Every structure is written in C-alpha cells, then in structure tokens.
K.L.:
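What follows is a structure written as structure tokens; I'll ask about it next.
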Amino acid sequence: MKNTVLTFKEAKQKGEKLTMLTAYDYSTAKLVDEAGVNSILVGDSLGMVMLGYEDTLSVTMEDMIHHTAAVARGTKNALVVGDMPFLSYNTGIRDAVINAGRLMSEGRANCVKLEGGKEVCDVIRAITDAKIPVCAHIGLTPQAVNALGGFKVQGKSLESAKALIEDALAVQEAGAFAVVLECVPAALAEKISSMLDIPTIGIGAGPGCDGQVLVYQDMLGVYKDFTPKFVRKFANVGEVMTQGIKAYIDAVADGSFPEEKHCFKISEDIIDKLY
Ligand code: KIV
C-alpha cells in the first residue's frame, strides 16, 4: 500500500514507528522500497555520498530533480521526499514555491523537505498552501554548517534546547506534516516528540523519536570517508562490492570470464567466409 502523509499521521496517533531511508537512484530505490520502508528521502546528502562534495552546499535544483525522478521511477509504496537544496527556498517565497513545485512535477516527489525552524515558517506555510506537503528539518541543519561552525550536536544548552522546542512547535503550526530532528540529545528529542502532534523522524536523536532516518551508504557500509556516531552498520555492502570487483578482475585476468554461456553465437559458415 502506498504510504502517504496520512500514513505518517496515523502512525503518530497509533504510536507506530516510521522508517525512512535515503536513496538517490532507480535501482537502490527499488531495493529500499521492496524492503518495505515507509519513506524514501532523496536527500541533498547526495552531494557527499554520490557526488563527493565535502558538504551539501553545491547541490543544485537540477541535481535534486534528476535524482528524485530516478527514485520516483523505482518506488511503488514508499513516500518519496524530495529535499530542497541550499538557497532554493531562502531567496523569497515565490522562488520557494516554484522550486518545491519543480520537485513535485519534474521530480515526481510526494512531498518536499527543507531545513530550518521559525525563520522558514512563512515558506512552509506558502508551500503547504500550494498543496505540497512539507517535512521540516531542525537541529543540525547541514546547509547551515558554516553558520553553525561545523557539524555539531544542537540543543545542548538550556537556551538552545528551548529554541529547538520553539522551532518544532513553529514548523508544526506552519503546516509541516513531519519534522526531522538531526543530532539532538536523545532526552530533548523525546520531549519534543511528546509535545508534537506530527511525527518526529530522528537521525542522531535517539529512540524517543516517532521514526528514524539514515543515509543508506552509512548503514550499509558503502560510504567510508566518515561514519557518524549515530550510525549502526546493518550490513557491510562495501566489503561485498570490493570482493565482487576483485573476483571480476581476477576472472578476466585468468580468462575464466566470460564463459561459453555468456557468449552470443554465429554460424561457423559465416565466420569461414570472412576475409
Ligand atoms: O540529506 C539528507 O540525507 C538528510 C538526512 C540526513 C535527514 O537531510
């Protein structure tokens, strides 16, 4: 059954945990979708794990549309969330609605995600007024890495914890159907989750959230540049890939690949008549 924003609402009401994972291409989206997650996030983290940038700031609307459309083609049941990249929603409400609309109409996302609290509430309101569901994202907001002074846990002091609660309530009030809490102390994330009617989706925010999200390259051991503290490696796919690639190199080198069953046939008569 197709997951929708109503699935998220019902899960919160029933106390059922939600699952979200990233994907950035057709084949991976198919695997993730068939495994049964509620939601696939086409995150701007693709800048790092797919494109090799050091942060998400260079990711463009064209990148996001390209990858979101590929994921949407591979997804049947999961809710596809298209991430709004850096400065695609901060240069005015009109720009924000147009860019959110492009992720829906060209990327075929089912909703969009954007980073920020109180300061983006007018944008969330305008996009939801355009009938585009919005997932908010507060706490560590990677597009603000330079303003935050690095990829750091947020909400540790009394003042910043209060500000985070106010942000969570504000994005809910503005119409967000869910909110990602990234790198927030577990007890604070639990408190925020208990205060909201919309589900919280945690990443580095502990088990008290209403759902969890991870970058699939992290949890499957494919991205090796850096593994955040909050990641559990559920499989070592990177190692399996390396073994497979080495076996291919060896088989080509020793002539054991390709075999007869991998070859296309032609009549010997034709071969004999050549030159
Ligand atoms: O871009 C992304 O993958 C994200 C997750 C880390 C929540 O925003």
Side-chain angles (χ1 to χ4, degrees), residues 8 18-25 28-29 32 37-61 63-68 70-71 75 78-90 99-100 103 107 109 111-117 120 124 133-145 148 150-155 164 167-168 171 176-184 189 192-193 198-206 209-220 222-223 225-232:
F8 274 56
L18 289 159
T19 51
M20 183 185 279
L21 262 186
T22 64
Y24 314 94
D25 66 87
T28 311
V32 173
V37 292
N38 295 112
S39 179
I40 297 182
L41 169 63
V42 191
D44 64 353
S45 50
L46 70 84
M48 294 157 95
V49 295
M50 299 294 289
L51 305 178
Y53 298 138
E54 67 183 46
D55 55 39
T56 58
L57 302 192
S58 303
V59 177
T60 64
M61 271 304 296
D63 292 332
M64 291 312 304
I65 290 169
H66 178 76
H67 286 271
T68 304
V71 166
T75 304
L79 180 84
V80 176
V81 185
D83 217 359
M84 298 198 67
F86 183 56
L87 287 194
S88 66
Y89 52 94
N90 319 80
N99 285 327
L103 279 174
C111 59
V112 299
K113 177 171 84 57
L114 56 85
E115 297 180 7
V120 291
I124 294 176
V134 175
C135 177
H137 182 163
I138 62 173
L140 171 56
T141 46
Q143 291 169 16
V145 61
L148 296 173
F151 295 102
K152 294 181 192 319
V153 178
Q154 302 295 306
L164 216 47
D167 278 340
V171 295
F177 75 92
V179 56
V180 168
L181 302 181
E182 179 164 355
C183 288
V184 173
I192 292 173
S193 304
I198 58 172
T200 57
I201 309 296
I203 176 162
C209 295
D210 302 303
Q212 298 292 327
V213 56
L214 284 175
V215 169
Y216 91 83
Q217 284 93 338
D218 289 339
M219 52 83 76
L220 294 182
V222 176
Y223 182 73
D225 293 7
F226 170 70
T227 305
K229 169 186 162 73
F230 55 75
V231 170
R232 180 196 289 180

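The figures here come from the full heavy-atom set of this structure, side chains too, leaving out hydrogens, waters and symmetry mates. Every number for a ligand or one of its atoms is a count from 1 in the order of the listing. Note that the structure is a prediction, hence the values are computed from the model and not measured.
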K.L.:
Are V153 and L140 packed together at the side-chain level, in the sense that at least one heavy-atom pair is separated by less than 4.5 angstrom?
P.N.:
no

K.L.:
Determine the minimum heavy-atom distance between D44 and P85, stating which atoms define it.
P.N.:
OD2-CA, 4.4 Å

K.L.:
Determine the minimum heavy-atom distance between V81 and V112, stating which atoms define it.
P.N.:
CG1-C, 4.1 Å

K.L.:
Could I get the full list of salt bridge (charged side-chain N to carboxylate O under 4.0 Å, His left out) partners for D210, not counting sequence neighbours?
P.N.:
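D210 satisfies salt bridge (charged side-chain N to carboxylate O under 4.0 Å, His left out) with K12 only.
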
K.L.:
Are there any protein N or O atoms under 3.5 Å from the N or O atoms of ligand 1? List them with distances, or say none.
P.N.:
from     : atom 1 : to   : atom 2 : distance (Å)
ligand 1 : 1 (O)  : D44  : N      : 3.1
ligand 1 : 1 (O)  : D44  : OD1    : 3.0
ligand 1 : 1 (O)  : S45  : N      : 3.0
ligand 1 : 1 (O)  : S45  : OG     : 3.3
ligand 1 : 1 (O)  : D83  : OD2    : 3.2
ligand 1 : 3 (O)  : S45  : OG     : 2.5
ligand 1 : 8 (O)  : K113 : NZ     : 2.9

K.L.:
Do any N or O atoms from the side chain of N90 and from the backbone of L87 form a donor-acceptor pair under 3.5 angstrom?
P.N.:
yes

K.L.:
So do E115 and V120 actually touch side chain to side chain, heavy atoms under 4.5 Å?
P.N.:
no

